[in-house]
Colleague: 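What follows is a structure written as structure tokens; I'll ask about it next.
Worth saying up front: this structure is predicted, and the values here are computed from it rather than measured. Numbers here are sequence positions counted from 1.
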Amino acid sequence: MTEADIKSIALFFYFALLDDKKAIEASSQALALCLEKKKRHPEINSSIALVAGTKAVWDKFKTRVARGRPNTSVESGWLIPDGVDLGPWREFQKTASEDELLTVIWSKILKINDQEISEGLGITSGTIRYRLGRALRKLGTMTQGVSKLKHGSTGK
């Protein structure tokens, strides 16, 4: 696993959990799982191992997180660039299905292709595309509301 893979695992859990401490804990567990998978199957693509590892750890952590209620702090070291509004993401994280949330993170934030996501999960790439399309429509609706508010539109 490369430094970029480690960063991807951390980003996955930051955006999936929106909880600093749990993201760090989950990331270290997922990294250990990915390293073990790569050790047992050296031929496996790192992205496929990353998807499988993050999904397995997500399944353990998802019940310990109140989706839509972020628990982040400046002291934790996670730096969000100035001007970035996580409001639409928080709303999406709260209202999207688990499948939609995870697929958007893997595909659009981590830039893992549909085929690698599908292999990591053991499902078809058509299912991944369907989930992603549905999720992006939801997320697009949420960001349009923010965009209208920022530009002074009343939405009427």
Side-chain angles (χ1 to χ4, degrees), residues 1-81 84-140 142-143:
M1 303 292 297
T2 67
E3 190 172 323
D5 294 329
I6 295 167
K7 183 178 179 181
S8 291
I9 291 169
L11 282 173
F12 173 87
F13 285 108
Y14 180 79
F15 283 103
L17 301 171
L18 288 179
D19 184 305
D20 298 341
K21 290 177 180 66
K22 288 184 179 112
I24 293 167
E25 183 183 347
S27 294
S28 61
Q29 288 183 25
L31 178 59
L33 204 58
C34 290
L35 290 170
E36 181 60 33
K37 188 179 252 338
K38 289 285 286 177
K39 188 176 175 182
R40 283 193 321 255
H41 306 283
E43 75 287 353
I44 194 170
N45 178 305
S46 290
S47 293
I48 295 169
L50 189 147
V51 169
T54 53
K55 175 65 166 114
V57 174
W58 162 261
D59 287 342
K60 287 196 272 183
F61 274 77
K62 66 184 177 187
T63 58
R64 298 171 43 194
V65 174
R67 283 179 50 184
R69 292 200 180 130
N71 186 18
T72 58
S73 66
V74 176
E75 301 84 44
S76 67
W78 297 94
L79 299 175
I80 303 298
V84 172
D85 180 9
L86 286 178
W89 182 259
R90 285 186 193 113
E91 186 63 26
F92 177 72
Q93 193 241 19
K94 179 170 54 173
T95 60
S97 73
E98 174 184 323
D99 294 336
E100 293 167 342
L101 174 69
L102 302 183
T103 302
V104 166
I105 296 170
W106 286 315
S107 178
K108 298 303 176 188
I109 296 175
L110 304 183
K111 306 285 189 220
I112 299 172
N113 72 48
D114 294 351
Q115 186 61 40
E116 291 170 331
I117 297 169
S118 72
E119 287 182 44
L121 298 176
I123 59 177
T124 68
S125 54
T127 300
I128 297 301
R129 284 190 294 277
Y130 174 77
R131 290 175 181 177
L132 185 59
R134 205 174 59 204
L136 292 176
R137 282 189 295 278
K138 278 185 187 176
L139 190 55
M142 292 171 188
T143 57

Colleague: Identify all side-chain donor-acceptor contacts of residues 33-51 below 3.5 Å with residues at least two apart in sequence or on another chain.
Modeller:
residue	atom	partner	partner atom	Å
Lys38	NZ	Ile44	O	2.6
Asn45	OD1	Ser47	N	2.6
Asn45	ND2	Glu116	OE2	2.9

Colleague: What is the distance from atom CZ of Phe15 to atom CD of Gln93, rounded to the nearest 0.5 Å?
Modeller: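 One gets 11.0 Å once the value is rounded to the nearest 0.5 Å.
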Colleague: For Lys108, what residues pass the side-chain contact (heavy atoms from CB on, under 4.5 Å) criterion, not counting sequence neighbours?
Modeller: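 Lys108: side-chain contact (heavy atoms from CB on, under 4.5 Å) contacts with Val104, Leu132, Leu136.
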Colleague: Starting at OG1 of Thr103, measure out to CD1 of Ile109 and round the result to the nearest 0.5 Å.
Modeller: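 Result: 11.5 Å between the selected atoms.
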Colleague: With a 4.5 Å cut-off on side-chain heavy atoms, are Met1 and Ile9 touching?
Modeller: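 Side chain of Ile9 against side chain of Met1, heavy atoms only: contact under 4.5 Å found.
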Colleague: Less than 4.0 Å between a side-chain N and a carboxylate O, is that true for Lys94 and Glu91?
Modeller: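 Yes, charged N to carboxylate O under 4.0 Å.
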Colleague: Who are the side chain to side chain donor-acceptor pair (under 3.5 Å) partners of Lys60, not counting sequence neighbours?
Modeller: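 Lys60 satisfies side chain to side chain donor-acceptor pair (under 3.5 Å) with Gln29 only.
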Colleague: About how many Å separate CZ of Arg134 and NZ of Lys138, when rounded to the nearest 0.5 Å?
Modeller: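 One finds 6.0 Å between NZ of Lys138 and CZ of Arg134.
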Colleague: Please identify each residue that fulfils side chain to side chain donor-acceptor pair (under 3.5 Å) with Ser8, with sequence neighbours left out.
Modeller: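 Checked Ser8 against side chain to side chain donor-acceptor pair (under 3.5 Å); zero matches.
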Colleague: Sequence neighbours left out, what passes side chain to side chain donor-acceptor pair (under 3.5 Å) with Asp114? Give chain and number order.
Modeller: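 None.
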Colleague: Looking at every heavy atom in both Ser125 and Gln115, which two are closest together, and how far apart are they?
Modeller: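 Reported closest heavy-atom pair: OG-OE1, 3.8 Å.
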Colleague: Taking the six-membered ring where the residue is Trp, are the ring centres of Phe92 and Trp89 under 6.0 Å apart?
Modeller: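 Yes, the ring centres sit under 6.0 Å apart.
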Colleague: In Å, rounded to the nearest 0.5 Å, how long is the span from CD1 of Ile128 to CG of Leu121?
Modeller: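 Between Ile128 CD1 and Leu121 CG, I get 5.0 Å after rounding to 0.5 Å.
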Colleague: How many angstroms lie between CD1 in Ile117 and CG in Leu110, if you round to the nearest 0.5 Å?
Modeller: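 Spacing of CD1 (Ile117) from CG (Leu110) equals 8.5 Å.
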Colleague: How long is the gap from OG on Ser118 to CG on Asn113, to the nearest 0.5 Å?
Modeller: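 CG of Asn113 is found 8.0 Å from OG of Ser118.
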Colleague: I would like to know whether Lys62 and Val57 meet side chain to side chain contact (heavy atoms under 4.5 Å, CB included); could you show each step before the answer?
Modeller: CA-CA 9 Å; Lys62 66 184 177 187; Val57 174; over 6 Å; no
Colleague: Report the residues that fulfil side chain to side chain donor-acceptor pair (under 3.5 Å) with Thr127, sequence neighbours left out, ordered by chain and then residue number.
Modeller: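 For Thr127 the side chain to side chain donor-acceptor pair (under 3.5 Å) partners, ignoring immediate neighbours, are Thr124.
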Colleague: Under a 4.0 Å N-O cut-off, is there an ion pair linking Arg131 with Glu100?
Modeller: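 So Arg131 does not pair with Glu100 through a salt bridge.
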Colleague: Just say parallel, tilted or perpendicular for the rings of Phe12 and Trp106, cut-offs at 30° and 60°.
Modeller: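 Ring orientation, 0 to 90° scale: parallel.
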Colleague: Closest heavy-atom contact between Ala30 and Phe13?
Modeller: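 Nearest heavy atoms, Ala30 then Phe13: CB-CE1, 3.5 Å.
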